[in-house]
Amino acid sequence: MKLIISEKEIAARRIAHILAGNGVDQEKVYGVPVHHFKIDGEDYRVIGLKGHILKVDYPKEYANWFKVDPIELIDAKIEKIPIQKKIIQALNKISSDADEIIIATDYDREGELIGYDAMQLVKEKNALAPAKRAKFSAITPKGINQAFSKLGRIDLDLAFAGRARQDIDLIWGATLTRFLSLSTYQIKDKFLSVGRVQTPTLTLIVDRELEIKSFITTPYWVVSVKLKTESGEEFEATHKKKRFLKKEDAQGVFIKLGDRGTVLGINESVRDIKPPTPFNTTALIISGSSIGFTASKTINIAENLYMNGYISYPRTDNTVYPSSIDVKEIARMLGSSGEYSRMSEAVLAQKKIVASRGKRRSTDHPPIHPTAVAQKAGLSSDEWKLYDLIVRRFICTLLPAAKIKIIIATIDINGEPFIANGSNFIEQNWIKFYPYYKRRDVFIPQLKEGQIITVTGKELLDKKTKPPVRYTQGMLVEKMEELGLGTKATRHTIIQNLILRGYVSGNPLQPSEKAIAVVKMLKKHAEKISSPDMTSELEMYMDGIVRGDETKEDVVDRSRKMLSEVMTVLQNEKDEISQEIKKAIREDLVVGKCPGENCNGDLIVRTARKTKKRFIGCNAYPECRTTFSLPQRGLLVTIREECKHCGYPIVKIIYKGRKPWDLCINPDCPGKDEKYKNYNNNK
DNA sequence: GCAAGGTC
């Protein structure tokens, strides 16, 4: 019997069907599906794993944070521990009769490691069976048949590069997390996490917040006019010098303006607006963000749609349709749904269909596209929203660019030049079907040089320069991808973790004082872990392992030495680090101003001495005895906002896996019922 | 109880 091991169940099923056609039987071994079939009298079995089946961790002796100095974790032994017990049992059971093992996990570094781990487990039961490797970049008949007709061997160096990554992430993460948590007494569920990906990501958010805080707004003035042609068409223009930095200058112009203007010149140009590129995971998350979904929500819904067969695999880097995908056929299929018939026709009416393509081309999976027609009634409203987005995006990638006419007219008013901008779509093409695209027509009438225009109104506008905006989850995922932080499958979980740790909240993301202090201290004393460079260096070293230039041990040991040096600095600066972070944590506990009569105090989150329950009290205690109760479960985040119903402070309560709950602390708040209702609807 | 990476 030949045993084929794939990375996931769906891949196992498809590989079996491609190799055997219809003659595939399925049995369950310890509840795990195993597909079997015969080719030329030879028995085959295919089992799908669930990603990694082993994890790395320290031995039990290191589990107690108080009994182990974090420094010891740097050189401690690391073990591999089973995390998919059922799958391992099933693998053990079926591997004893195998006379050949074929590793058919995804063809990338983690896939090689997953396959290597599985191979080692099989070899414990069956040392004699040779192990081979099927390398394919798409689970299509062509890809699979080619791979199985030309089997290779497991690339040990590639797997070891993955193992180096696992070890280094654990060593740095565990050592620094424990050090920071212990030195600030933030333990149990309040621990302060640190990691190769999460800390640089948090640094991005914190840096942006500091930029916003230190931004100095400068005032400027804009002069604009309302205009009308003889035939009564109205439009607007602003002074050519868009921003006046001195009010007197703007006023000087404003006063000069009379009630007539002359068209000095008109500049017309036609521009293409290209259709969007095919969706990869990052682009989907960004678009999801623009329809109000968090990164995790988009991924969870996409995962569901995929499991139910409506869309293709949602974890991909690829933005170029491979030739194995028949885009025309998919467009035709979508046409059978009333919702999309017009869009489908628009695609099929073209003489030649040219698909747009993005910059990233990889062969892991195709871009995310619809694979079946869904009925609106068969999906939840959120599922439908995302499905509709994916369908429309797909259709648009197959349509020609929109054409837009841009008109810029210069108009003289008493010697002052004004500019009127307008744009009209000449051909909408894909834009008709893509409501997520924001650009709209801006009307401007047909003008002639020398034409006289009536000035019907004039305005002198006070404006201010604005600070940069906070990151939305979508923007952050995009930035992470650009910097090489995390992967398509992990970026949203990294953000989710930062929220769960109490480091950031809200969308757009705002860091807590604790996060600002943690980043400040790590930047100052452990710069390595706060920068994306650590990831790019790691990638470089892993490439070295793959090439055979160095061993996994060399790389991990060098990393251990670096961490030792970092820890020496941190130990020396422990007092400063501890004080700065603890001060910030105290600031995070401030809920808002105390509403007590004649009280100037601040409301603070406190813990009752006897019951250990949390509540809100005034810092002017015992003079002021104002208190408020709080829910005991969930992560509490102070956001220093006031309730729009009663003006009392609002706190955010975050339960794992639920939508954050904005809670007004006032038990008699007139908006209470409404809010509670909303909370129930949204959870 | 720590990380990041797979997948559900």
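All of these numbers come straight from a predicted model, not from anything done at the bench. Computed over heavy atoms, backbone and side chain alike; hydrogens, waters and symmetry mates excluded.
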With a non-hydrogen cut-off below 4.0 angstrom, is Thr487(A) in contact with a base, only sugar-phosphate, or nothing? sugar-phosphate

Mapping Asp167(A) and Gly51(A) onto DNA chain B by nearest heavy atom, which one lands closer to the 5' end? Asp167(A)

What contact category does Leu73(A) fall into here, base, sugar-phosphate, or nothing, at under 4.0 angstrom with non-hydrogen atoms? nothing

Aromatic contact between Phe160(A) and Tyr116(A), with the criterion being ring centroids under 6.0 Å apart: yes or no? yes

Report yes or no: do His35(A) and Glu9(A) form a side-chain donor-acceptor pair below 3.5 Å? yes

Start and end of chain A contact along DNA chain B [non-hydrogen atoms, under 4.0 Å]: dG1(B) to dC8(B)

Which ones in residues 294-311 of chain A lie close to DNA chain B, meaning a heavy atom under 4.0 Å from one of its atoms? Glu303(A), Met307(A)

When we call it a touch if two heavy atoms are under 4.0 Å apart, what does Asp106(A) touch: a base, just sugar-phosphate, or nothing? sugar-phosphate

Partner of Phe179(A) under side-chain contact (heavy atoms from CB on, under 4.5 Å), picked from Leu570(A), Leu73(A), Thr184(A), is Leu570(A)

Using a 4.0 Å heavy-atom cut-off, does Trp172(A) contact any base of the nucleic acid, only the sugar-phosphate backbone, or nothing at all? nothing

Quick check on the 6.0 Å ring-centre criterion: do Tyr306(A) and Tyr313(A) meet it? yes

Contact class for Tyr62(A) vs. all strands (heavy atom < 4.0 Å): base, sugar-phosphate, or nothing? nothing

Check each residue of residues 558-565 of chain A for a non-hydrogen atom within less than 4.0 Å of any atom in DNA chain B, then write out the ones that pass by number, or none. none

When all nucleic acid strands are considered with a 4.0 Å heavy-atom cut-off, which category describes Gly486(A): base, sugar-phosphate, or nothing? sugar-phosphate

Arg163(A) near the nucleic acid: base, sugar-phosphate alone, or nothing, with a heavy-atom cut-off under 4.0 Å? nothing

